[in-house]
Amino acid sequence: MNGTECMDRLIAGQRENPGMTLDQAFYVSSRVFERDVERIFRQQWILVGHVSRIAGTGQYFLLEIANESIIVIRQSESVVSAFYNVCRHRGSRICLQPEGRRRMLTCPYHSWTYGLDGALKVARTMPEGFDPSQYALTPCQVRVHHGLIFLYLGSGQAPDFDSLYGETVPYLAQQGIAEAKTAARTDYPNAANWKLVVENFIECYHCAAAHPEYTSVHSEEKLKAFGAGPGSGSQEDVDRFQVVQEAWEQRTRESGNFVGILEPEHDAFAMHQAARFPINENGWLSETIDGTAACNRLMGAFQEHDGGQTAVSFNPFSYVLASNDYAVVFRFTPRDPLNTDIELTWLVHPDAEAEKDYEVAHLTRLWHVTTEQDKTITENNQLGVLSSAYRPGPYSSREARNIRFKHWYLDHLGASPGSSGPGSVACSSSPTG
Amino acid sequence: MNGTECMDRLIAGQRENPGMTLDQAFYVSSRVFERDVERIFRQQWILVGHVSRIAGTGQYFLLEIANESIIVIRQSESVVSAFYNVCRHRGSRICLQPEGRRRMLTCPYHSWTYGLDGALKVARTMPEGFDPSQYALTPCQVRVHHGLIFLYLGSGQAPDFDSLYGETVPYLAQQGIAEAKTAARTDYPNAANWKLVVENFIECYHCAAAHPEYTSVHSEEKLKAFGAGPGSGSQEDVDRFQVVQEAWEQRTRESGNFVGILEPEHDAFAMHQAARFPINENGWLSETIDGTAACNRLMGAFQEHDGGQTAVSFNPFSYVLASNDYAVVFRFTPRDPLNTDIELTWLVHPDAEAEKDYEVAHLTRLWHVTTEQDKTITENNQLGVLSSAYRPGPYSSREARNIRFKHWYLDHLGASPGSSGPGSVACSSSPTG
Amino acid sequence: MNGTECMDRLIAGQRENPGMTLDQAFYVSSRVFERDVERIFRQQWILVGHVSRIAGTGQYFLLEIANESIIVIRQSESVVSAFYNVCRHRGSRICLQPEGRRRMLTCPYHSWTYGLDGALKVARTMPEGFDPSQYALTPCQVRVHHGLIFLYLGSGQAPDFDSLYGETVPYLAQQGIAEAKTAARTDYPNAANWKLVVENFIECYHCAAAHPEYTSVHSEEKLKAFGAGPGSGSQEDVDRFQVVQEAWEQRTRESGNFVGILEPEHDAFAMHQAARFPINENGWLSETIDGTAACNRLMGAFQEHDGGQTAVSFNPFSYVLASNDYAVVFRFTPRDPLNTDIELTWLVHPDAEAEKDYEVAHLTRLWHVTTEQDKTITENNQLGVLSSAYRPGPYSSREARNIRFKHWYLDHLGASPGSSGPGSVACSSSPTG
């Protein structure tokens with residue numbers, strides 16, 4: 001049996017126990033990780049940041065993904081581009097700082113110089129017949145959607161962005177995401193497989209034990225229904241919350257604001273959801289540590305606090321969570337089988353001024369402490385899963401979104417249809433092989 | 001030729017030169033290491049500590065072995081249990097601190113709660129049909145033998161403890177090991193293959209060059225005969241020491257104390273030995289840096305110093321060395337092909353009080369400095385063995401126990417009977433492959 | 001297709017685009033690295049240092065190469081020897097300090113003692129029949145050439161030294177390398193594949209962008225013709241420099257000094273070159289940061305500054321660059337696929353005194369800063385080459401020596417003649433596999 005057959009059988013075996021976590025190999029193996037990157041991460045539109053980070057022409061930031069470094073750069077007032085940070089001459093990195101501003105992209109090694117559109121402009125003393133047009137920087141596909149920069153890192157045709165994410169427009173438009181500005185940005189390196197990180201983020205079954213600050217912000221019923229976004233609560237919990245939800249929707253609609261819950265319609269859409277729901281009935285203004293406003297300026301179309309928040313999930317790697325006065329963009333980037341890079345970006349109204357309209361410490365505190373707590377949780381989860389004693393365990397009724405994620409994941413990982421077999425087939429005798 | 005055949009030939013080849021060290025692969029290769037763990041380490045009863053470290057119900061310590069974390073916990077006054085530190089829900093580690101006390105074992109992730117017997121007591125909001133009895137913590141087999149906690153980490157039937165180690169009873173009983181208390185405990189991470197660590201521990205050919213403190217404690221004849229425990233000296237050296245040994249045995253027997261030398265009777269028993277012999281004829285009371293007592297209270301049945309010491313070897317990973325007033329428990333735990341974790345635990349009389357009856361610094365000094373010296377030695381041994389120039393070398397007549405260890409090791413590693421071939425067959429072109 | 005065939009096709013594919021850099025695998029893969037070490041590094045005479053570092057009998061230094069440690073030691077006034085630093089008994093390292101002096105080579109483990117010629121002199125209590133003559137230290141082949149110590153680390157017959165390097169004699173003799181003394185020595189660990197380090201060293205296309213100090217020392221025409229030694233400039237650039245070169249040669253010859261440019265005559269000699277050329281027409285005395293003398297004492301046969309410098313390349317790992325008053329010896333040692341150890345040794349006249357005849361800081365500054373700059377460059381080159389977006393790029397006309405190096409490398413790596421195929425065949429799906 002070759003490696004591919006072995007992998008296909010391993011994948012097929014996961015479907016036999018739909019309500020159970022995945023086998024160990026999916027959280028530790030290098031082979032599974034390579035397939036994850038190839039068939040899932042590189043096949044998704046990945047949300048990598050907000051245009052306000054690169055407001056001026058020539059401003060760039062680097063996106064570091066395992067061995068890849070990608071220059072995300074404002075090519076002109078209206079165009080954002082992305083290029084692999086690899087000179088076409090001898091392969092050196094071109095930009096060495098994590099962010100900055102450039103008039104041209106000049107390689108520090110031999111000064112090959114590229115325009116902001118990636119075209120090779122200067123290459124000294126090249127032999128006759130050298131055609132510069134053959135040596136432009138390698139581009140990535142870019143899509144800016146309401147100010148959010150998405151990259152497609154696959155080699156083929158990217159999935160159609162609008163048919164996937166068109167329905168997120170009213171949520172993002174009302175929030176004024178397109179015009180927002182970056183107030184803060186933090187990296188959280190996480191020693192856990194990306195699926196453990198995602199599985200932690202999409203359920204709130206763990207909130208009571210692990211997140212005192214987060215649970216003090218939201219009511220218990222709210223946490224059960226929407227604690228980890230739309231789809232995280234069981235139908236029963238959502239039904240129980242319905243009275244509160246409907247009352248809030250009624251008030252909010254009357255005040256002229258948009259409300260809605262976008263349900264996934266089919267399997268492929270399982271991770272693409274959007275919803276608006278109240279933060280906390282007790283007069284909470286914003287999802288902050290004490291419910292007070294995060295910022296004096298409301299974002300987008302909001303005229304006054306409506307006590308609600310907006311959650312949008314594009315795919316397992318890309319999320320936006322927003323109150324009326326601020327938004328957080330979450331990026332989860334797989335680095336290797338046992339490490340994931342988390343980045344949080346906080347957005348506010350473009351005219352809001354730091355230390356006048358908002359305090360960075362107050363704005364960021366709730367999601368900073370919650371993300372640090374989740375880092376500890378997922379790292380201990382990873383350590384346990386590395387044990388030979390780890391066996392798939394059963395999801396609770398409050399981990400419904402995890403079960404959907406598992407099957408979305410298996411669908412995208414793509415077991416060959418005919419290959420079914422025992423779930424315990426291992427591809428390697430070594431846990432991380 | 002497949003991997004297994006290759007390994008079998010490699011193993012068979014080691015027998016061709018019985019008096020020579022093993023080939024390089026045995027000290028550096030990942031494949032050999034995996035087989036070592038599977039066929040040897042996980043097939044032995046491993047001495048992991050003393051009951052006095054977890055005197056109260058609910059007290060635990062963690063045993064960390066490569067990717068495994070095991071909770072060794074006092075379940076009740078009379079029962080010590082051990083469980084893999086892996087929650088049956090999503091696989092998180094349950095106990096995060098290296099030692100502590102718990103009334104229940106509650107997972108920090110989703111608060112699944114287990115009793116001290118490992119049974120699942122609380123799991124919120126599980127779907128209908130969920131049977132908690134199917135989700136107890138995964139246990140390890142435990143045997144407490146005279147206060148020494150042994151674990152069996154294999155998946156099958158554990159070897160019969162009493163038939164293996166029954167003969168150690170008089171040695172341990174007279175020493176009062178069952179009632180002793182832990183006075184000190186230290187970890188010595190060692191950047192060397194576990195076999196290099198064991199081979200260092202079971203011979204005293206190196207003592208003169210490497211251990212000035214240890215050699216100043218013992219007479220030269222004693223070192224040759226019993227310097228690294230029973231079986232470490234050549235028959236000639238043991239015979240030469242016979243006069244001293246017999247005179248001491250005679251005196252000791254008359255004073256009412258037990259003496260004896262337990263010889264291994266067959267191959268499988270080669271590492272399981274016990275003996276009593278004198279420390280040093282010149283009135284030495286205890287195996288300390290200057291021969292003075294380590295502790296004012298004698299252990300077990302001893303009424304007065306008899307000038308002797310007791311050595312018990314259970315297997316290559318587990319040893320006890322005892323004077324009348326203190327004992328040291330040695331644990332050698334393989335971590336990876338190039339690393340071994342050494343733990344030393346010093347035991348004294350249960351009523352002895354620190355800084356009154358014993359000084360920790362004096363009690364621990366001889367074996368602390370000797371273990372640090374051996375760490376340096378074995379790490380330099382490993383570095384040399386990694387060279388392409390390493391070739392098996394000949395054991396001296398004072399490394400008799402090493403030759404027995406080599407063959408015990410090969411027997412347990414299990415070459416297939418029919419597979420014999422040249423000793424230099426390598427399984428991989430890379431030294432650590 | 002097995003691994004060897006795969007490798008052979010990969011190698012054959014590189015020849016299809018002679019003017020392009022190598023495929024990614026050659027800069028990142030473990031398999032290629034192992035073949036590099038086996039077929040290239042271990043088949044060359046490697047320059048490892050200068051005899052003045054071990055002037056007294058018994059003085060030694062250790063050469064650390066990946067898993068190997070080699071003792072380079074002065075056996076007698078007239079003989080330098082080299083031995084693997086591995087005891088023939090149990091394999092321990094024998095010398096633990098990076099340099100020192102020994103009367104005998106005594107292993108710290110069991111005191112096996114060897115003479116400075118490697119012969120085993122003392123091994124206590126060995127069994128009957130033990131023949132010490134079978135257990136001498138494992139030697140390396142050594143050749144001292146004008147004070148430069150070369151080792152051959154292959155297992156077979158070393159290539160004939162004199163037929164390879166005989167023509168370097170007049171260059172080294174005039175420079176007085178044989179009698180020189182070591183003034184300074186520095187290690188520069190470099191996180192880049194050895195071929196990226198070599199390719200950086202043998203072209204000066206990058207000098208303008210990367211080396212302000214180095215380019216301020218030399219004229220632009222000189223940099224183009226000889227910026228990275230003989231063979232680094234295009235024929236056109238060498239022709240353009242011819243007037244300056246010939247005028248300087250004429251003057252120098254008249255003053256009685258030797259001049260010459262040793263062209264490689266055939267492929268196998270491509271890396272073995274020697275030449276003399278002027279430093280800088282504007283009265284520069286020495287290749288220092290400001291053109292002033294590095295040392296008050298001229299080396300070798302030089303009576304007064306002739307404004308020239310001497311460059312000798314033995315192979316990709318071994319170079320000497322010399323002004324009239326000092327020389328630098330470069331050693332590039334592959335450590336693993338992504339790391340190379342660089343050592344620079346500065347030599348001066350044997351009677352020159354530090355802080356009187358030369359300031360170490362002034363003597364070493366130019367090549368210290370230039371080597372640090374190249375370290376940054378090559379490490380960023382490596383990071384870029386690790387990207388999936390890296391593709392072979394075209395060499396400029398000022399990287400002629402790189403093209404010759406590429407083909408010398410492929411010749412020595414040895415693709416089987418009949419195996420040709422597409423250049424993009426990868427041996428492993430993982431970039432570092």
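Just so it is clear: chains get the letters A, B, ... in the order the sequence lines come, proteins before strands, and each one is counted from 1.
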Mind ranking C/Met126, C/Glu68, C/Gln134, C/Arg88 by heavy-atom pairs under 4.5 Å with chain B and telling me who comes out on top? C/Glu68
First locate atom OH of C/Tyr84, then atom CZ of B/Arg391, and finally report the distance between them rounded to the nearest 0.5 Å. 9.5 Å
Measure from the side-chain N and O atoms of B/Tyr205 to the backbone N and O of C/Arg124, and report whether any donor-acceptor pair falls under 3.5 Å. yes
Do you know the tightest heavy-atom contact between C/Pro108 and B/Ala210? O-CB, 4.4 Å
Exactly one candidate in C/Val86, C/Asn67, C/Asn85 meets side-chain contact (heavy atoms from CB on, under 4.5 Å) with B/Ser387; the answer is C/Val86
Can you tell which part of B/Tyr27 gets under 4.5 Å to a heavy atom of chain C, answering side chain, backbone, both or neither? neither
Drop me the distance from B/Tyr395's OH to C/His89's NE2, to the nearest 0.5 angstrom. 8.0 Å
For B/Glu220, does the CD atom sit with more than 12 other heavy atoms under 6.0 Å from it, leaving out its own atoms? no
Interatomic distance, C/Ser92 atom OG to B/Leu196 atom CG [nearest 0.5 angstrom]: 10.0 Å
For C/Phe130 and B/Ser396, what are the C-alpha separation, side-chain angles and deciding distance, and is it a side chain to side chain contact (heavy atoms under 4.5 Å, CB included)? CA-CA 9 Å; C/Phe130 174 74; B/Ser396 74; over 6 Å; no
Do other residues, nucleotides or ligands put more than 12 heavy atoms under 6.0 Å from B/Glu236 CD? no
Report, by ascending residue number, the residues of residues 365-374 of chain B in heavy-atom contact with chain C at a distance under 4.5 Å; give 'none' if the set is empty. none
Please classify the contact between B/Ser397 and chain C as side chain, backbone, both or neither, with a heavy-atom cut-off of under 4.5 Å. both
Residues C/Arg90, B/Asn402; criterion side chain to side chain contact (heavy atoms under 4.5 Å, CB included); working and verdict: CA-CA 11 Å; C/Arg90 296 258 296 272; B/Asn402 295 58; 3.6 Å; yes
Chain C heavy atoms under 4.5 Å from B/Glu199: which part of the residue, side chain, backbone, both or neither? both
Is it the backbone or the side chain of B/Gln382 that comes under 4.5 Å from a heavy atom of chain C, or both, or neither? neither
Residue C/Thr138 versus chain B: region with a heavy atom under 4.5 Å: side chain
For B/Arg398 and C/His110: C-alpha separation, side-chain torsions, deciding distance, then whether side chain to side chain contact (heavy atoms under 4.5 Å, CB included) applies. CA-CA 11 Å; B/Arg398 293 184 54 204; C/His110 302 89; over 6 Å; no
Please determine, among B/Thr376, B/Leu383, B/Leu22, B/Asn200, the option with the most heavy-atom pairs under 4.5 Å with chain C. B/Leu383
